[in-house]
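A short worksheet on the structure shown next.
Residue numbers begin at 1 in each chain, while the letters A, B, ... track the order of the sequences. Quick note: numbers below take in every heavy atom, side chains included, and nothing from hydrogens, waters or symmetry partners.
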Protein chains: 2
Amino acid sequence: MKSRKPDFIILQSPGIGAGYQAVKEALSRRRNLIIIGNCSVEYQGRARSLLEPGERIVLVKSDGAMLVHRPTGSEPVNWQPSGCIFKSTLLPEAFVLRSVRKNPDESLAVFFTEIQLVIAAKLVDVGDFNLHVSEKELQKVIFAQPSLLLSDLKPITYEKKIEPGFVDIYGLDSAGRLVVAELKRVRAGKAAVLQLAKYVEYLKGTTPLRVRGVLVAPQIAKGVQTMVLALGLEFIQIDLKRFAESVAGKKDRKMGEFLV
Amino acid sequence: MKSRKPDFIILQSPGIGAGYQAVKEALSRRRNLIIIGNCSVEYQGRARSLLEPGERIVLVKSDGAMLVHRPTGSEPVNWQPSGCIFKSTLLPEAFVLRSVRKNPDESLAVFFTEIQLVIAAKLVDVGDFNLHVSEKELQKVIFAQPSLLLSDLKPITYEKKIEPGFVDIYGLDSAGRLVVAELKRVRAGKAAVLQLAKYVEYLKGTTPLRVRGVLVAPQIAKGVQTMVLALGLEFIQIDLKRFAESVAGKKDRKMGEFLV
DNA sequence: TGCTAAATCTCGAAC
DNA sequence: GTTCGAGGTTTAGCA
């Protein structure tokens, strides 16, 4: 196991002057920065916000992204995306870290009156990230193996653009009907049914074929099943785990091809 | 200026054994935790993901929220919301931090093979957070001062539930017409117009009154103006800054009432 | 650049 | 607990 010499700067309770210097230095070196301290925060841009003083964790990433985290909650209370420009200022009683971007015009300012900790670190991270079984992957799997959905489905295309939106799966069944499938990775609700109905209605006006609207999801919200029937649509329940296995199988095959 | 004695534990390159001990201790004490180290990450739940090894910043908050941040990007690569249950395990070559929750059934596991830094901190943060000029605030301001929108508007209610959705503002004008206003804080697009049209069509079927559909936004997407006219609707441009001032005014008044 | 739809969306409120 | 809609949504994929 190879170990890397840590490239860290750690300052404990440096005071706002030394903290300011360390942050400025870290920003110019494009280090990852963690600042813990008492601060208030102002945001101005698409909206405005004001956060009264308190102890927070401020993350500044090497690409310029900035996050202000309170001690609880999974979401940052304030943030700025990557690609922003920083301005740090030392005032008599506070160190101000300001991040600005254009389009949209937004600015985030953190006023530190007390700094408990500054960490500047150079992190190396080139690991691959893979997320499986997105809706798009579902589309591809069903397109490649339509029998997983309907035994007699001959898919024509997926992600087909029609006037009201994008149809997930578009094909023909053995009875010559046009099949329009709306896929949901999560429980299908009213909105999904209405979307499908919209597609079906539109297509009825553009083709002489009979149109078959199929809602595909692992689950359907209660009460929505009756709506499906009332609108002359179908609901097909799928098992995401089975599809995940199909995705894995496809990936393995692809990897095998790559290795040949 | 009052200063608080920092309640910190800082461990630099503790090794996975000592790191494991420190993390376990910090979790049991409900501290905020920052772990920097080389790790791989597995997520399983609504989807699945696998993140290959690399150096990351892992945040664990006192309410059980957990975030895995790569050195770039404003969003965490993996996360788990607050209220999760942690299980930490020490393996021969890795320290595993696992967060589990039910409903939905999800688990996130971080495998540290190297720990560069562990910080456990007790943070105090009770500062108020105020976000101004949200869509809801717009509604309230217009409801309180309808003349900002239309000189002759008598609002009846806002956030009115009708069959196709929620009408932002609902009122009468001096000509006795039912006014339905759809508010957008950002540039209004096709979707906003269609939503408004849907509301107007629905209401025409439920009232003998004439119905006046008003789209309210700081800007309108190009080409959408013609659609507004074609559908017999109106577009009213507003200045968000003016409304922000009204919001501020309202807040001041409220604060004044509070102080009396 | 702009638009559309998805997201492990998250968050809150109403029912 | 479920559902529904908003969000400084963000993000990714195309036209």
Residues which pass side-chain hydrogen bond (donor to acceptor under 3.5 Å, both in side chains) with [X], listed by chain and number, not counting sequence neighbours:
{"X": "B/Lys61", "result": "A/His69"}
{"X": "A/Asn38", "result": "none"}
{"X": "B/Gln225", "result": "none"}

- Query: What pairs with B/Lys102 under salt bridge (Lys or Arg N to Asp or Glu O under 4.0 Å), at least two apart in sequence or on another chain?
  - Reply: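 For B/Lys102 the salt bridge (Lys or Arg N to Asp or Glu O under 4.0 Å) partners, ignoring immediate neighbours, are B/Asp105.
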Donor-acceptor pairs under 3.5 Å, side chain of residues 188-207 of chain A to any protein atom, not counting sequence neighbours: which ones?
unit_1: A/Gln195; atom_1: NE2; unit_2: A/Tyr199; atom_2: OH; d: 3.0
unit_1: A/Tyr199; atom_1: OH; unit_2: A/Phe166; atom_2: N; d: 3.3
unit_1: A/Tyr199; atom_1: OH; unit_2: A/Phe166; atom_2: O; d: 3.1
unit_1: A/Thr206; atom_1: OG1; unit_2: A/Leu203; atom_2: O; d: 3.0
unit_1: A/Thr207; atom_1: OG1; unit_2: A/Leu209; atom_2: N; d: 3.0

Would you list the protein and nucleotides 3-5 of chain C atom pairs, both N or O, that sit under 3.5 Å from each other?
unit_1: C/dC3; atom_1: OP2; unit_2: B/Arg187; atom_2: NH2; d: 2.7
unit_1: C/dT4; atom_1: OP1; unit_2: B/Lys190; atom_2: NZ; d: 3.3

Give each protein N/O atom lying under 3.5 Å from an N/O atom of nucleotides 13-15 of chain D, with the pair distance.
none

- So which of residues 56-74 of chain A are in contact with DNA chain D, with a heavy-atom cut-off of under 4.0 Å?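 Per residue number, the list is empty: none.
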Sequence neighbours left out, cut at 3.5 Å: what donor-acceptor pairs do the side chains of residues 75-87 of chain B make with other protein atoms?
unit_1: B/Asn78; atom_1: ND2; unit_2: B/Ser49; atom_2: OG; d: 3.1
unit_1: B/Gln80; atom_1: NE2; unit_2: B/Ser99; atom_2: O; d: 3.0
unit_1: B/Gln80; atom_1: NE2; unit_2: B/Glu106; atom_2: O; d: 3.4

- Starting at the 5' end of DNA chain D, which residue's closest nucleotide do you reach first, B/Asn103 or B/Lys184?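 Between the two, 5'-proximity favours B/Asn103.
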- Task: List for me each residue that meets ring-ring contact (aromatic ring centres under 6.0 Å, His included) alongside B/Phe95, sequence neighbours excluded, and say none if there are none.
- Result: B/Tyr20, B/Phe112
- Tell me which residues in residues 32-45 of chain A put a heavy atom below 4.0 Å from DNA chain C, sorted by number, or none.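 Residues of residues 32-45 of chain A that come under 4.0 Å of DNA chain C do not exist, since none gets that close.
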- Item | Whole-Å gap separating C1' (D/dG8) and CD (A/Glu75) | 12 Å
- Task: State which residues pass side chain to side chain contact (heavy atoms under 4.5 Å, CB included) with A/Phe143; sequence neighbours excluded, sorted by chain then number.
- Result: A/Pro155, A/Tyr158, A/Ile169
